[in-house]
2 protein chains.
Amino acid sequence: MNLLLLTPDDLTEAHRAVVRGRRLEHMRKIVRAKVGDRVKVGLLRGPERATTGTLANLCGQTGEAEITALDRERLELRFTLAHPPPKPLPVQLIVALPRPPTFHKVLQQATAMGVKRFVFVHAARVEGSYWTSRALKGDGPKNHMMLGLEQARDTVLPTIEYHRKLHVFFETRYRELVAGTDVLLGHPAGTGHMPTGIANMRTLVIGPEGGWIDREVERFIAEGAQLWSLGPRILRVETAVVAMLAKLA
Amino acid sequence: MNLLLLTPDDLTEAHRAVVRGRRLEHMRKIVRAKVGDRVKVGLLRGPERATTGTLANLCGQTGEAEITALDRERLELRFTLAHPPPKPLPVQLIVALPRPPTFHKVLQQATAMGVKRFVFVHAARVEGSYWTSRALKGDGPKNHMMLGLEQARDTVLPTIEYHRKLHVFFETRYRELVAGTDVLLGHPAGTGHMPTGIANMRTLVIGPEGGWIDREVERFIAEGAQLWSLGPRILRVETAVVAMLAKLA
């Protein structure tokens, strides 16, 4: 945790906040924070960005806080926010839904690298049971993205979409999603050369562990995707995501 | 597992092998292999490379096998080996010893990406307890590297060195290790530009989660290392390793 990420719910008054739960435990036991310590903080900007006055302007900002009280129940802070978050990575990810632990790793690591949009889709080699996993439910996905934000001192929560039928995704969402971007599909048959599109924004498409089937690849190509390979080595999904994002950064 | 990695101990006669344990379980339960199936195989080449005749020539080769028997006790194969493994990545890693789960992830992921030499060193911000972890003992490190090899269809086991005193490492091993390589130290103060050395081989130096202390960075610089940054985002060690290796590949 390189940044203590505050949410609008933590704020008690202007420039003051109270933190409990995981973040409190982390500050007490890992950081071993004490009253009077100064820590880096940021105010989360979620998709439901606040629209009212001061808070709307503060959401997403980063700054410093002084710890004014700390016990087993609560961490109190007085903070100032003055800086913007780091720039987002101009890459959106379309990923065949991986198995649950990999799903969490992808969210956390790609968020730390600056991805702001995740689009999870079905594929022939995605197991149906992945779609009913607890990993997709409740606050799990958000919590893993927040860990990534805290790691990278970022404050802007990515968005997630799920498309459980690939053909419906292509018919109803794909074109709008990728409009104005270069679409790169990680595939062993691709060249090792970076496709040099002119768009600033890129869409990176990552297949399941077993790979896309031919029909799926053909559909992506028909829609304008370019094949791109990292080389002859087959990497696990979470490794491939990080490696490809690093190449695109 | 994209390649069934055989070890010299698995060989029962020329071109025949018997596999048990984890690999047998994986082939039965995940791959759901049957008698008659053909699978990709490779013969591990370890640091203790066999020096006698046929085996010495086969170690490191990859090829195909036919499953000739399979039950709960054993998987029998008849194989042919005809192809070299993928090229190694011309990068060696010097890493401040991370906490045990990260240590395993770094071994597995960097091995999959083609790293052939790992050098783990102490640093001011490495916890002493990491050095006595069970993760470093027995077959744990080798097993994680083998998972990386199987993932990437590689056969050549990397070597690992441990240096528990950083000043002794600098005095007795560092110069010999990095001779003829460009040494890149991941550091926020580095430029985002790839240092353009003339050497083919590179040494990538990765610090602990809390970073190197100034004195350690100064020592690396005094010995010729160049600072190199991936940008303002602070990444976890396992993410940074994959991202930097991808940039160097």
Side-chain angles (χ1 to χ4, degrees), chain A residues 1-3 30-31 40 62 83-89 99 101-102 105-115 127 144 147-156 186 188 192 194 204 209-211 228-249, chain B residues 1-3 30-31 40 62 83-89 99 101-102 105-115 127 144 147-156 186 188 192 194 204 209-211 228-249:
Chain A
M1 189 193 279
N2 296 305
L3 176 101
I30 308 294
V31 179
K40 288 188 193 297
T62 64
H83 306 289
K87 282 186 191 163
L89 192 69
R99 67 196 180 96
T102 305
K105 284 179 198 164
V106 166
L107 283 179
Q108 187 173 332
Q109 295 192 105
T111 298
M113 294 180 81
V115 168
E127 285 191 28
H144 279 87
L147 290 172
L149 293 178
E150 291 171 353
Q151 174 68 35
R153 291 188 182 149
D154 197 352
T155 55
V156 182
M194 174 77 65
L204 179 59
E209 287 291 349
W228 181 44
S229 169
L230 282 178
R233 294 173 179 272
I234 305 164
L235 300 178
R236 294 176 67 147
V237 165
E238 67 265 35
T239 313
V241 167
V242 172
M244 298 184 114
L245 289 177
K247 285 277 211 186
L248 291 176
Chain B
M1 189 194 279
N2 296 305
L3 175 103
I30 309 294
V31 180
K40 289 189 192 295
T62 64
H83 306 290
K87 282 186 191 164
L89 193 68
R99 66 196 180 97
T102 305
K105 284 179 197 162
V106 166
L107 283 180
Q108 186 172 333
Q109 295 192 105
T111 297
M113 295 181 80
V115 168
E127 285 191 28
H144 280 86
L147 290 171
L149 294 178
E150 290 171 354
Q151 174 67 36
R153 292 188 181 149
D154 197 352
T155 55
V156 182
M194 176 77 65
L204 179 59
E209 287 291 349
W228 181 44
S229 168
L230 281 178
R233 293 173 180 272
I234 305 164
L235 299 178
R236 291 177 68 146
V237 165
E238 67 265 35
T239 312
V241 166
V242 172
M244 297 183 116
L245 289 177
K247 285 278 211 185
L248 291 177

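The sequence lines fix the lettering, A, B, ..., with proteins before strands; numbering per chain opens at 1.
Each of B/N2, B/V156, B/T155, B/D154 was compared with B/L149 under the side-chain contact (heavy atoms from CB on, under 4.5 Å) criterion, and only B/D154 meets it.
With a threshold of 4.5 angstrom between heavy atoms, B/R153 approaches chain A through side-chain atoms but not through N, CA, C or O. Proximity to chain A (any heavy atom under 4.5 Å) is shown, for B/M113, by both the backbone and the side chain.
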Kindly indicate, with the supporting measurements, whether the criterion side chain to side chain contact (heavy atoms under 4.5 Å, CB included) is fulfilled by B/Q109 and A/E238. CA-CA 10 Å; B/Q109 295 192 105; A/E238 67 265 35; 4.1 Å; yes
Between A/Q151 and A/Q108, is a side chain to side chain contact (heavy atoms under 4.5 Å, CB included) present by the stated rule, with each step listed? CA-CA 9 Å; A/Q151 174 68 35; A/Q108 187 173 332; 6.0 Å; no
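For A/A243 against B/A246, the heavy-atom pair with the smallest separation is O-CB, 3.4 Å.
For the set B/A249, B/G148, B/P86, the entry with the most heavy-atom pairs within less than 4.5 Å of chain A is B/P86.
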